[in-house]
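Below: one structure, written as structure tokens.
Positions are given from 1, in the same order as the sequence printed here. Just so it is clear, the model here is predicted, and its values are computed rather than measured.
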Amino acid sequence: QVQLVESGGGLVQPGGSLRLSCAASGRTFSSHSMGWFRQAPGKDREFVAGINRSGGSTGYASSVKGRFTISRDNAKYTVYLQMNSLKPDDTAVYYCAAASSAYYYTTRRPYDYWGQGTQVTVSS
């Protein structure tokens with residue numbers, strides 16, 4: 001069992017930055033690939049970024065590539081999402097997720113564990 005707790009969301013102006021954190025319980029963190037997803041009101045939850053177990057491989061949705069960076073610190077059982085050049089369209093609840101796999105997935109189904117989400121609002 002892995003419990004995930006996101007933090008770092010908030011209100012930011014367009015062009016601003018935020019860093020989300022997702023803290024995992026348990027010593028099995030390094031055996032899981034991790035993903036960040038987001039869900040805006042009235043829309044499906046969508047893939048944002050993923051990272052493999054070692055942190056050596058990452059992937060991004062085209063809408064965030066070049067602006068967002070996913071990373072992880074296995075010693076701290078934490079995965080991060082650095083978000084720069086934020087746009088109003090980035091407004092959503094952001095969720096982290098863990099999959100019992102070496103490699104990340106870009107779809108929801110393979111992820112076994114989910115956090116409760118953190119709200120990100122980009123507005124002037």
Side-chain angles (χ1 to χ4, degrees):
Q1 188 84 11
V2 177
Q3 293 182 323
L4 303 172
V5 179
E6 302 98 335
S7 61
L11 174 64
V12 63
Q13 293 186 342
S17 298
L18 281 175
R19 187 174 84 153
L20 305 183
S21 299
C22 173
S25 65
R27 299 179 181 178
T28 61
F29 177 72
S30 61
S31 66
H32 291 77
S33 63
M34 301 296 295
W36 283 98
F37 289 74
R38 66 185 182 186
Q39 188 166 18
K43 295 187 176 181
D44 290 336
R45 193 171 301 187
E46 63 176 2
F47 171 78
V48 175
I51 189 166
N52 71 343
R53 290 192 302 200
S54 69
S57 178
T58 60
Y60 299 91
S62 58
S63 58
V64 307
K65 192 173 294 185
R67 299 188 297 123
F68 290 12
T69 303
I70 187 171
S71 62
R72 66 189 295 162
D73 185 336
N74 285 345
K76 295 183 178 180
Y77 305 154
T78 302
V79 62
Y80 304 97
L81 186 68
Q82 177 67 44
M83 306 186 295
N84 298 328
S85 303
L86 283 161
K87 306 174 182 180
D89 284 350
D90 295 318
T91 296
V93 177
Y94 283 71
Y95 299 88
C96 70
S100 302
S101 169
Y103 301 102
Y104 63 88
Y105 300 94
T106 60
T107 57
R108 293 176 55 182
R109 189 170 181 178
Y111 288 90
D112 306 297
Y113 306 101
W114 292 83
Q116 83 291 346
T118 185
Q119 177 70 46
V120 171
T121 302
V122 184
S123 175
S124 56

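Minimum interatomic distance between D73 and Y80 (heavy atoms only, all atoms of both residues): CB-CE1, 4.2 Å. The nearest pair of heavy atoms linking Y60 to T69 is OH-CA, 3.4 Å. Closest heavy-atom contact between A98 and M34: CB-SD, 3.5 Å. For A49 against L81, the heavy-atom pair with the smallest separation is CB-CD1, 4.1 Å. Considering every non-hydrogen atom in both P110 and T107, the closest pair reads CD-O, 3.3 Å. Nearest heavy atom pair, residue I70 against residue G50, reads CG2-O, 3.6 Å.
Residues D112 and V2 are not in side-chain contact: their nearest non-hydrogen atoms beyond the backbone lie 4.5 Å or more apart.
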Item checked: Working for side-chain contact (heavy atoms from CB on, under 4.5 Å), residues H32 and S100 -> CA-CA 5 Å; H32 291 77; S100 302; 3.4 Å; yes
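Rounding to the nearest 0.5 Å places OG of S33 at 10.0 Å from CD1 of I51. Separating the CG atom in L18 from the CG atom in D90 is a distance of 10.0 Å, to the nearest 0.5 Å. Between the CZ atom in R53 and the OG atom in S31 there is a gap of 6.5 Å [rounded to 0.5 Å].
Under a hydrophobic clustering in which Ile, Leu, Val, Met, Phe, Trp and Tyr are joined whenever their side-chain heavy atoms come within less than 4.5 Å, directly or via other members, L4 and F37 fall into different clusters. By the criterion of side-chain heavy atoms lying less than 4.5 angstrom apart, applied directly or through intervening Ile, Leu, Val, Met, Phe, Trp or Tyr residues, M83 is not grouped with F47; the two fall into different hydrophobic clusters. Linking Ile, Leu, Val, Met, Phe, Trp and Tyr whenever their side-chain heavy atoms come within less than 4.5 Å puts V64 and V12 in one cluster.
Below 30°, between 30° and 60°, or above 60°: for Y94 and F68 the angle between ring planes is between 30° and 60°, a tilted geometry.
A donor-acceptor pair under 3.5 Å links the side-chain atoms of E6 to the main chain of Q116, judged by distance alone. Checking side-chain atoms of S101 against main-chain N and O of A99 turns up no donor-acceptor pair under 3.5 Å. Side-chain N or O atoms of R72 include none that pairs as donor or acceptor with a backbone N or O of G55 at under 3.5 Å. In this structure, the side chain of N52 engages the main chain of S57 through a donor-acceptor pair within 3.5 Å. Under the 3.5 Å distance criterion, the side-chain polar atoms of T121 are left unmatched by any main-chain donor or acceptor of L11. A side-chain donor-acceptor contact under 3.5 Å links T91 to the backbone of V122. Side-chain atoms of Y105 never come within 3.5 Å of backbone atoms of Y111 as a donor-acceptor pair (strictly under, hydrogens ignored).
Dense packing is recorded around CD of Q39, with more than 12 heavy atoms of other residues, nucleotides or ligands lying under 6.0 Å away.
The residue from V48, V93, V120 that alone fulfils the side chain to side chain contact (heavy atoms under 4.5 Å, CB included) condition with R38 is V48.
Listed by chain and residue number, nothing satisfies the ring pair (Phe, Tyr, Trp, His ring centres under 6.0 Å) test with F29 (two or more places apart in sequence, or in another chain).
The cationic atom of R45 (NZ for Lys, CZ for Arg) lies less than 6.0 Å from the six-membered ring centre of Y95 and within 45° of the ring axis.
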